[in-house]
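Treat the numbers as computed from the prediction; the structure is a model and nothing was measured.
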Amino acid sequence: MEIADKVVLVTGGAHGIGRALCERFAREGARGVCVADLDQSAGREVAERVGGLFAPCDVRDEAQIQAAITATEQRFGPIDLFCGNAGIAIGDPGGQAAGASHADWTRIWEINVMAHVYAARALVPAMVARGGGHFLITASAAGLLSQIGSAPYSVTKHAAVAFAESLSIAHGDQGIGVSVLCPQ
């Protein structure tokens, strides 16, 4: 995807892969880059460095994702590329595949899977209406294989890949592109 003159929102944009994406998109001439993150200090710093917008965002909360989308579109115009990059890892206590607590399973599910669903709910109708848009979902190699010692991480990253495939199948012929980034 050509980024020049495009509007991009990156969740988890304050650190690591998300920060690198924001920096790269700015270098490639994006019209607007929104850095959405829980870390307000680092998020504001990245946004300032790339000439973008910072939006505080806990991706577990659908309303906060919607608010970040609204803020981005009010400042820059319609989002062309939504990068669902926020994610967490949780290990399996005691080496048991089901050893993580219910609260840990719920938290990782909300961040690693449901955040992508929330973004699609908010953006797909408008993207389809204007003839296109793109989602980049950061999963992991654990979404293609499995990560030993972290069933919650592997399961949710598999689910993120599956959701990306479903999104592509359901809306690919309506101009919606979907890519999955699976770093190891």
Side-chain angles (χ1 to χ4, degrees), residues 1-26 28-38 43 50 52-53 55 57-88 108-144 155-183:
M1 172 178 208
E2 290 292 323
I3 297 300
D5 203 37
K6 301 289 191 227
V7 175
V8 182
L9 188 154
V10 181
T11 66
H15 300 283
I17 292 169
R19 181 182 64 216
L21 288 170
C22 292
E23 292 168 349
R24 177 71 180 259
F25 296 148
E28 290 189 13
R31 180 170 71 243
V33 175
C34 177
V35 180
D37 205 288
L38 280 174
V50 302
L53 169 71
C57 186
D58 181 344
V59 298
R60 294 177 298 170
D61 183 348
E62 189 168 7
Q64 289 189 44
I65 291 176
Q66 182 60 59
I69 290 167
T70 298
T72 303
E73 292 186 336
Q74 285 175 345
R75 172 119 178 240
F76 301 118
I79 293 171
D80 299 293
L81 172 60
F82 184 94
C83 301
N85 178 71
I88 63 167
I108 197 169
W109 188 263
E110 290 171 338
I111 294 168
N112 290 1
V113 181
M114 292 309 297
H116 304 301
V117 174
Y118 300 153
R121 282 184 190 158
L123 289 168
V124 166
M127 286 179 168
V128 168
R130 69 175 182 268
H134 202 96
F135 290 87
L136 171 62
I137 294 176
T138 302
S140 167
L144 303 173
V155 167
T156 58
K157 292 303 184 171
H158 274 50
V161 171
F163 180 70
E165 290 175 341
S166 295
L167 192 60
S168 179
I169 291 165
H171 300 289
D173 64 348
Q174 296 172 310
I176 305 297
V178 181
S179 299
V180 181
L181 177 61
C182 292

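The NE2 atom of H134 lies 8.5 Å from the OG atom of S168; values are rounded to the nearest 0.5 Å. Atom CG of L123 is separated from atom CD1 of I69 by 4.0 Å, given to the nearest 0.5 angstrom. If you take SG on C83 and CG on L21, they are separated by 5.5 Å, rounding to the nearest 0.5 Å. The SG atom of C57 sits 7.5 Å away from atom CG of L38, with the distance rounded to the nearest 0.5 Å. Between the CD atom of E110 and the CG atom of D58 there is a distance of 8.5 Å, given to the nearest 0.5 Å.
A distance-only check finds a donor-acceptor pair linking the side chain of T11 to the backbone of A86 [under 3.5 Å]. Judged by distance alone, with hydrogens and angles left aside, the side-chain atoms of D37 form a donor-acceptor pair with the main-chain N or O of G13 at under 3.5 Å. Looking at Q174, its side chain never comes within 3.5 Å of a backbone N or O of V128 through a donor-acceptor pair.
Closest heavy-atom contact between A120 and P125: O-CD, 4.0 Å. For the pair A164 and V180, the tightest heavy-atom approach, listed with the atom from each and the gap, is CB-CG2, 3.3 Å. Nearest heavy atoms, G87 versus K157: CA-NZ, 4.4 Å. Annotation for V161 and A139: closest pair CG2-CB, 3.7 Å, computed over non-hydrogen atoms. Here the shortest heavy-atom pairing between I17 and P183 reads CD1-CG, 3.7 Å. Here the shortest heavy-atom pairing between I65 and A119 reads CG2-CA, 4.1 Å.
In this structure, the side chains of V50 and F25 stay at 4.5 Å or more apart for every pair of heavy atoms. T156 has its side chain out of reach of I111: every pair of non-hydrogen atoms, C-beta onward, lies at least 4.5 Å apart. Between N112 and I88 there is a side-chain heavy-atom pair separated by less than 4.5 Å. Between M127 and H171, every side-chain heavy-atom pair lies at or beyond the 4.5 Å cut-off. At a threshold of 4.5 Å between non-hydrogen side-chain atoms, the residues V59 and Y118 do not count as touching.
Listed by chain and number, the residues in a side-chain hydrogen bond (donor to acceptor under 3.5 Å, both in side chains) with T138 are N85 (sequence neighbours excluded). Checked against salt bridge (charged side-chain N to carboxylate O under 4.0 Å, His left out), E165 has no partners two or more places apart in sequence or in another chain. Legend: residues meeting salt bridge (charged side-chain N to carboxylate O under 4.0 Å, His left out) with R31, ordered by chain and number and at least two apart, are D5. T72 is linked by a side chain to side chain contact (heavy atoms under 4.5 Å, CB included) to V7, L9, C34, L53, F76, I79, counting only residues two or more places apart in sequence or in another chain. The salt bridge (charged side-chain N to carboxylate O under 4.0 Å, His left out) search around R24 returns E28, not counting sequence neighbours.
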- Audit row: L81, K6, side chain to side chain contact (heavy atoms under 4.5 Å, CB included) steps and yes/no: CA-CA 7 Å; L81 172 60; K6 301 289 191 227; 5.8 Å; no
- I would like to know whether T70 and Q66 meet side-chain hydrogen bond (donor to acceptor under 3.5 Å, both in side chains); could you show each step before the answer? CA-CA 6 Å; T70 298; Q66 182 60 59; 3.2 Å; yes
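Sorted pairs that involve residues 70-82 and meet salt bridge (charged side-chain N to carboxylate O under 4.0 Å, His left out), not counting sequence neighbours, are lacking altogether.
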